[in-house]
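These notes concern the structure reproduced below.
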Number of protein chains: 2
Amino acid sequence: MPLNSTYKDKKVISIGTVSELTGLSERQIRYYETRKLIFPERSKTGIRKYSFSDIEKLIEIANHLEEGVWTAEIRNEMKRRERALLKETPTTVT
Amino acid sequence: MPLNSTYKDKKVISIGTVSELTGLSERQIRYYETRKLIFPERSKTGIRKYSFSDIEKLIEIANHLEEGVWTAEIRNEMKRRERALLKETPTTVT
DNA sequence: CGTGTAAGGAATTCTGACACG
DNA sequence: CGTGTAAGGAATTCTGACACG
């Protein structure tokens with residue numbers, strides 16, 4: 001995934017657009033960042049920039065939260081998943 | 001292409017970011033729009049939104065202009081190319 | 001813990017125009 | 001024709017804080 005980065009991982013979308021695309025409030029999106037769930041980049045002047053991957057991640061996060069899962073739990077699960085990906089043979093397509 | 005739209009065609013990038021990514025001035029980017037070379041969408045409040053496709057197109061436009069081609073010419077060429085694509089069997093990959 | 005909101009400031013974008021060549 | 005710029009206003013984003021549960 002990190003090597004197969006196309007447009008999906010380019011951080012170019014600002015928070016207002018992300019809010020529209022995900023249905024989440026800007027407050028929520030910023031909060032998940034403090035909880036280490038997403039990692040937007042910043043323009044020189046401090047404006048947050050997100051990728052399409054971030055948007056997908058945010059939607060997952062929202063689903064988990066609706067089910068009552070804590071952000072800390074979500075974070076653990078994401079870490080687990082990343083570790084799994086590292087061991088996996090990179091035969092994953094799309 | 002219009003059917004195979006992924007993230008590449010989603011209009012979510014604002015002009016400042018497009019300017020950075022292409023190296024063109026905002027003035028130039030807006031001007032090419034008046035010349036019917038690119039067609040950004042607008043947020044409800046009027047902010048222009050571009051796609052990665054638009055960015056690729058802009059880079060092509062810039063190359064043509066450097067060679068002294070007029071915007072009118074570039075526009076004709078783009079039209080020609082679109083017509084060609086319509087006749088083509090969709091075996092195009094990537 | 002997760003999220004809403006009002007507050008004040010800084011950065012972004014928009015349009016129409018004057019300018020030059 | 002293609003592009004720069006100053007001008008004024010509108011929309012966006014940022015942070016830190018108070019609030020509720």
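Everything numeric here is computed off the predicted structure, so don't read it as measured data. Chain identifiers are assigned alphabetically (A, B, ...) following the order of the sequence lines, protein sequences preceding nucleic acid strands; residue numbering begins at 1 within each chain.
Of the possible donor and acceptor atoms, none in the side chain of A:Lys49 sits under 3.5 Å from a partner among the backbone N and O of B:Thr17. Listed for the A:Ser19 side chain is a donor-acceptor partner under 3.5 Å among the backbone atoms of A:Leu24.
A salt bridge links B:Lys44 with A:Glu20; the closest basic N to acidic carboxylate O contact falls under 4.0 Å. One finds a salt bridge joining A:Glu33 and A:Arg48 here, because a Lys/Arg side-chain nitrogen approaches an Asp/Glu carboxylate oxygen to under 4.0 Å.
Nearest-nucleotide mapping onto DNA chain C: of A:Ala72 and B:Arg42, the residue sitting toward the 5' end is A:Ala72.
When both distances must be under 3.5 Å, the Watson-Crick or G-U wobble mate of C:dG8 is D:dC14. Checking C:dT3 for Watson-Crick or G-U wobble geometry (two distances, each under 3.5 Å) identifies D:dA19 as its partner.
For the residue pair A:Ser25/A:Gln28, the side-chain donor-acceptor check at 3.5 Å is satisfied. A side-chain donor from one of A:Ser53 and A:Asp9 sits under 3.5 Å from a side-chain acceptor of the other.
Between D:dT12 and B:Thr45, a contact under 4.0 Å exists linking OP1 or OP2 to a side-chain N or O. Taking 4.0 angstrom as the limit, A:Thr71 places a side-chain polar atom (N or O) nearer than this to OP1 or OP2 of C:dG2.
A:Tyr50 places its OH atom 10 Å from the P atom of D:dT13, with the value rounded to the nearest Å. Atom CD1 of B:Ile13 is separated from atom C1' of C:dT13 by 16 Å (rounded to the nearest Å). As rounded to whole Å, 17 Å separates atom P of C:dG9 from atom CD1 of A:Ile47. Following rounding to the nearest Å, B:Trp70 (CH2) and D:dG2 (P) show an atom-to-atom distance of 8 Å.
Cluster membership for B:Ile47 and B:Val18, using ILVMFWY side-chain heavy atoms within less than 4.5 angstrom, is not shared.
For NZ of A:Lys10, the number of neighbouring non-hydrogen atoms (other residues, nucleotides, ligands) closer than 6.0 Å is 12 at most.
In this structure, of C:dT13, D:dC14, C:dC14, it is C:dC14 that holds the atom nearest to the side chain of B:Arg48.
The stretch residues 18-38 of chain B touches DNA chain C through B:Glu26, B:Arg27, B:Arg30, each having a heavy atom within less than 4.0 Å of the strand. Near DNA chain D, meaning a heavy atom under 4.0 Å from it, residues 52-68 of chain B has no residue at all.
With sequence neighbours left out, the side-chain contact (heavy atoms from CB on, under 4.5 Å) criterion links B:Glu77 to B:His64, B:Arg80, B:Arg81.
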